[in-house]
Amino acid sequence: MSVTPFQQRVYDAVSLIPVGQVATYRGVADQIGCGSPRAVGQALKRNPFAPKVPCHRVISADLTLGGFQGDIEGPAVRRKVRLLESEGVSFREGRLAEPYRVYKFGRK
DNA sequence: AGTCGCCACGAAG
DNA sequence: CTTCGTGGCGACT
């Protein structure tokens, strides 16, 4: 499987997200030094390390769900929410209920 | 090799 | 709500 260095960075950063917390595409992008969260989204969509990387812990910057397994909505997203709630992250009406659960990557 | 279009976003209008 | 900007990648030429 061909994995570009950029994607490697993305997966590595996502792997750093602790259980019970979530990160935003923007946060990941900023952390790896990329100004385009969309690139991160693409990388996760193409995520060759599906179970290895907790892509379900990555949400949109405005605390909406974002997508999962290639869909921005549908059963996959439903599963994503359930997983997050399983880890202690609550969602309400498709949005993160507790914003303080957003992980800040070292926050510097 | 270069070029085009697409994307699970974000900020601005 | 809609539109533009941005960065990177797959597919086509």
Side-chain angles (χ1 to χ4, degrees):
Chain A
M1 310 186 55
S2 328
V3 179
T4 69
F6 177 77
Q7 289 180 323
Q8 181 61 62
R9 264 162 253 157
V10 174
Y11 304 139
D12 184 61
V14 173
S15 299
L16 298 180
I17 306 171
V19 177
Q21 288 195 297
V22 292
T24 64
Y25 293 100
R26 196 47 158 94
V28 176
D30 184 66
Q31 177 59 26
I32 66 180
C34 175
S36 294
R38 302 187 77 166
V40 177
Q42 267 191 348
L44 287 175
K45 175 190 177 198
R46 292 223 153 259
N47 180 5
F49 295 90
K52 321 261 264 186
V53 177
C55 21
H56 62 272
R57 291 185 197 154
V58 184
I59 63 174
S60 192
D62 78 323
L63 307 186
T64 46
L65 274 165
F68 192 53
Q69 290 184 349
D71 280 288
I72 62 177
E73 57 184 6
V77 178
R78 231 175 2 233
R79 253 174 265 132
K80 172 176 180 176
V81 176
R82 219 172 101 144
L83 242 81
L84 288 171
E85 293 199 326
S86 231
E87 296 178 352
V89 183
S90 307
F91 276 85
R92 220 54 166 189
E93 308 276 316
R95 289 184 62 110
L96 181 65
E98 326 252 349
Y100 66 85
R101 288 193 182 278
V102 176
Y103 180 59
K104 301 284 206 330
F105 283 110
R107 209 174 20 194
K108 273 286 308 318

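Throughout, a chain's letter reflects where its sequence line sits, starting with A, and its residues are numbered from 1. Being a predicted model, the structure only gives us computed values, none of them experimental.
- Near DNA chain B, defined here as any heavy-atom distance below 4.0 Å, there are no residues from residues 7-22 of chain A.
- Across all strands, A:Phe6 comes closer than 4.0 Å only to sugar-phosphate atoms, never to a base (heavy-atom distances).
- Across every non-hydrogen atom of A:Ala39 and A:Cys34, the tightest pair is CB-SG, 4.2 Å.
- Between A:Leu96 and the options A:Val81, A:Thr24, A:Val22, a side chain to side chain contact (heavy atoms under 4.5 Å, CB included) holds for only A:Val22.
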Donor-acceptor pairs are to be reported for all side-chain atoms of residues 62-80 of chain A against protein atoms at under 3.5 Å, with residues two or more places apart or in another chain.
from    : atom 1 : to      : atom 2 : distance (Å)
A:Asp62 : OD1    : A:Ser60 : OG     : 3.3
A:Asp62 : OD1    : A:Thr64 : N      : 3.4
A:Asp62 : OD1    : A:Thr64 : OG1    : 2.6
A:Asp62 : OD2    : A:Arg95 : NH1    : 3.4
A:Gln69 : OE1    : A:Arg79 : NH1    : 3.1
A:Lys80 : NZ     : A:Val58 : O      : 2.9
A:Lys80 : NZ     : A:Leu65 : O      : 2.7
A:Lys80 : NZ     : A:Gly67 : O      : 2.9

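- The shortest heavy-atom contact between A:Cys55 and A:Ala50 is SG-O, 4.0 Å.
- Heavy-atom contacts of chain A under 4.0 Å fall on DNA chain B between two terminal nucleotides, which in 5' to 3' order are B:dC6 to B:dG10.
- In this structure, A:Val89 and A:Glu98 have side chains that are not in contact, with every pair of non-hydrogen atoms separated by 4.5 Å or more.
- Counting any heavy atom pair closer than 4.0 Å across all strands shown, A:Leu44 reaches a base atom.
- Base contact: A:Arg38 has a heavy atom under 4.0 Å from a base atom.
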Show me, pair by pair, the donor-acceptor contacts under 3.5 angstrom made by side chains of residues 5-12 of chain A, not counting sequence neighbours?
from    : atom 1 : to      : atom 2 : distance (Å)
A:Gln7  : OE1    : A:Thr4  : N      : 3.4
A:Arg9  : NE     : A:Pro5  : O      : 3.4
A:Tyr11 : OH     : A:Ala43 : O      : 2.8

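- Linking Ile, Leu, Val, Met, Phe, Trp and Tyr whenever their side-chain heavy atoms come within less than 4.5 Å puts A:Val53 and A:Tyr25 in one cluster.
- Nearer the 5' end of DNA chain C, as judged by each residue's closest nucleotide, is the contact made by A:Cys34, out of A:Ser2 and A:Cys34.
- Residue A:Thr4 is classed as a sugar-phosphate contact, given heavy-atom separations below 4.0 Å to backbone atoms only.
- The side chain to side chain contact (heavy atoms under 4.5 Å, CB included) test with A:Glu87 is passed by exactly one of A:Arg82, A:Arg57, A:Gln21, A:Arg101: A:Arg57.
- Hydrophobic clustering places A:Leu16 together with A:Ile32 (ILVMFWY residues linked when any side-chain heavy atoms are closer than 4.5 Å, directly or through intermediates).
- Pairing analysis of DNA chain B (Watson-Crick: purine N1 to pyrimidine N3 plus N6-O4 or O6-N4; G-U wobble: N1-O2 and O6-N3; both under 3.5 Å) yields stems of 3 or more pairs at B:1-7 with C:7-13, B:9-13 with C:1-5.
- Linking Ile, Leu, Val, Met, Phe, Trp and Tyr whenever their side-chain heavy atoms come within less than 4.5 Å leaves A:Leu84 and A:Tyr103 in two separate clusters.
- First and last contacts of DNA chain C with chain A, using any nucleotide atom under 4.0 Å from a protein heavy atom and ordered 5' to 3', fall at C:dG5 to C:dG10.
- Between A:Phe49 and A:Val14 the shortest side-chain heavy-atom distance does not fall below 4.5 Å.
- Taking 4.5 Å as the limit, every side-chain heavy atom of A:Leu44 sits out of range of all side-chain heavy atoms of A:Val28.
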